[in-house]
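In the text below, chain A, chain B and the rest are named by the order of the sequence lines, each starting its count at 1.
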Amino acid sequence: MAHSNETMTFLRLIPLIPLFGAVANIFLGVRLGRKAAGFLACAAVAVSLLLSLWAFWILPIGGILRDTVYTWIESGSFQAQLSFQVDALTAVMLLVVTGIGFLIHVYSLGYMGHDEGMVRYFAYLNLFVFFMLLLVMADNLVLLFVGWEGVGLCSYLLIGFWHQDHANTIAGNKAFIVNRIGDFGFLLGILLLFWEMGRHGVWSIAFLDLQRSAHLLAPETVTLITLLLFAGATGKSAQIPLYVWLPDAMQGPTPVSALIHAATMVTAGVYMMARLHFLFSLAPATLALIAMIGALTAFFAATVGLVQNDIKRVLAYSTVSQLGYMFLAVGVGAFSAAIFHLFTHAFFKACLFLCAGSVIHGLDGEQDMRKMGGLKPYFPVTYWTTLVAALAISGAPLTAGFFSKDQILWQAYASPSGSFELWRFAWLTAGLTAFYMLRQFFMVFHGKCRVEEHLKAHIHESPRVMTVPLIVLAFGSIFTGWLGTPEFMWGSPWNEWLQPVFGVAKEVRHGGMSEELLMLPTLGIAGLGIFLAYLFYCRDSRVPERLSSWVWGMPYRWLLNKYYIDEIYDFFLVRPFTWCAGMLANIFDVGVIDGIVNGVAGRVRQSSLFWRRLQSGNVQHYLYGFLAGTLLMLAYYLNL
Amino acid sequence: MAPLHYYLILSAVLFAIGVAGVIIRRNLIVILMSIELMLNAVNLTFIAFSRYLGSMEGQVIVFFVMTVAAAEAVIGLAIIISVFRHRQTLDPDEMQLLKW
């Protein structure tokens, strides 16, 4: 494939301007005042957005725009450049990051408007955008890793943003540490890849060089490398077994949940696997594992989402579940479908989170859905945008979620590595998704108002600075899907756009059902989910109670407590680990390490207490020493 | 003329007396005198060799040594006087401030 390379020096500005915004806010923000700091941050992302649009516009089909800033690492024949590239995949990610990022920055002006730490908030948010852009624009793995770690840092900072509450800092720590586990695998994967490539004489980690030489690697090596990289992806993108940090990450401000923990950062794992699709395609065993993990994660997270009562936790588990879909798509080799779902999901999930934020904002911080209900008249805009986004994620016909999910389901069934079992999990998940999203919708906006009395007086719809982003995102939740319709409609410009990156899609398995036919059960189960949610939470609200006490309430409690996974991890991993660490710290470190150090010092001290008597201060004693030494030397030289 | 080793033995004896004086005596003035004795023992060796080898350099050096010894005696006595004024004693055992 001939890539046309064009150098465009403005590309470096896309990440650097948000960095500038962050630095300016850190050093001057307090002096500028909260309002100016917020506008500065928004403006920085807006400029990035415009430049990204420009890059998208001038990007030739199948071409790559490049911008090499300087040679970053040089060692022998190895070179790593600080260099940005924009191809079709990166262009898509650029638009997601800067577009959604800009909307959420604007929304934050309203949401965080009363917060003491607004300047700090916007500095972090801009820093996050910088690192995310670095991640998607990097032309080599090491630079990508820098962005990867950077977004993790910003995620940590923003989860613990309200650090006065200890629970928030604990959640931040959890996110950071769990991610670190995955990153360890990721780093090992990068090193192994680098090492193996070097053995074949390719001393480079740039994606283009890797793609050109991937075929040199032995199959087992590729499998090992991709497994390690996948470990990194499970951490960042919250998949089994490392998903546990994401629900807790909801302790951060809601716009952060929307931007980082739904729309952009958590999709970095999917992006990374798509970026390295040439490696993953060479490792069918890894792909099978990814597909399985993705399908399982999608299903399990959705079941947990069914019963959560915290408005943001439902969305968190929904995010984990939708990321599972993307992993499933990657696992069956449908990278384009994965990125498509990433794209549409960014819109409707950001919209859902921001709507939740709008409700929380209007209810003065209340997040428990059992204390909401009947809010429709108070929130005219939020009501409709939530409905649109909820329908989109449920896969209602002609919404974005419908088309992107359909592609994944179809690929899970029909691609050469797909299977009926994978499809079945994804299909069940589609039903669960529809149920829990509409459950949330009905619990919040319909039924009897259960808001606490003292809050009732000042429930208010959010200001326009918050509702306008909602409306934009709601439109996106519908129309972005139309870029990737099935063959029997008007085809998929999306897939054509990404084709130069991922190559022509593989032949589908024949002999099964057709795509149109396969849509019907999906639509059916989504409709069923919506209908049940309506029945349970809008009509007869006694059914959920009866269900929850089914089999002495065991299944319900099991789900409500998230399968006790946190407790299991705590018992089997966290406690033994902290116990070992405690042993090392209190016994090994104090006894052995400190013992050696202090022991050596003590011996030296004792012996010096003895030897210091030699220094009597009496010059004549020293002269005895002189004389004795001189005589000894004399004797030696005279061979006496 | 007496043979060379007579001079050398005399010089060694004088030097040893000087060393013993420096180490054993408990009076700074005597110690200073002992140092002078050692210097002059060395001077004697220089001159003996100078005569023996028929070269003038040894005698030249002796003049230098005497000059330096004079200067050293002046400074040494000045220090001793100053120490005595300060501490009313010249016993080196009393001067142990440079100890741990």
Within residues 59-75 of chain B, contacts to chain A at heavy-atom distances under 4.5 Å involve none
Would one find more than 12 heavy atoms of other residues, nucleotides or ligands at under 6.0 Å from atom CZ of A:F20? no
Taking a cut-off of under 4.5 angstrom between non-hydrogen atoms, the residues of residues 26-38 of chain B near chain A are B:R26, B:I31
Greater than 12 external heavy atoms within 6.0 Å of A:E567's CD: yes
Taking NE2 in B:H5 as the centre, count heavy atoms belonging to other residues, nucleotides or ligands within less than 6.0 Å. Is the count above 12? yes
Sorted by chain and residue number, the salt bridge (Lys or Arg N to Asp or Glu O under 4.0 Å) partners of A:D589 (sequence neighbours excluded) come out as none
Flag, side chain of A:Q620 to backbone of B:D93, donor-acceptor distance under 3.5 Å: no
*asked:* Take a 6.0 Å sphere around OH of B:Y6 and say whether it holds more than 12 heavy atoms from other residues, nucleotides or ligands.
replied: no
### Query
Is the number of heavy atoms from other residues, nucleotides or ligands under 6.0 Å of A:R199 CZ greater than 12?
no
Residues passing the side chain to side chain contact (heavy atoms under 4.5 Å, CB included) test with A:Q79, sequence neighbours excluded, are A:T71, A:E74, A:Q81
The reported gap from CD1 in B:I24 to CG in A:L623 (rounded to nearest 0.5 angstrom) is 12.0 Å
So does A:Y569 have more than 12 non-hydrogen atoms from other groups sitting under 6.0 Å from OH? yes
Take a 6.0 Å sphere around CZ of A:F131 and say whether it holds more than 12 heavy atoms from other residues, nucleotides or ligands.
yes
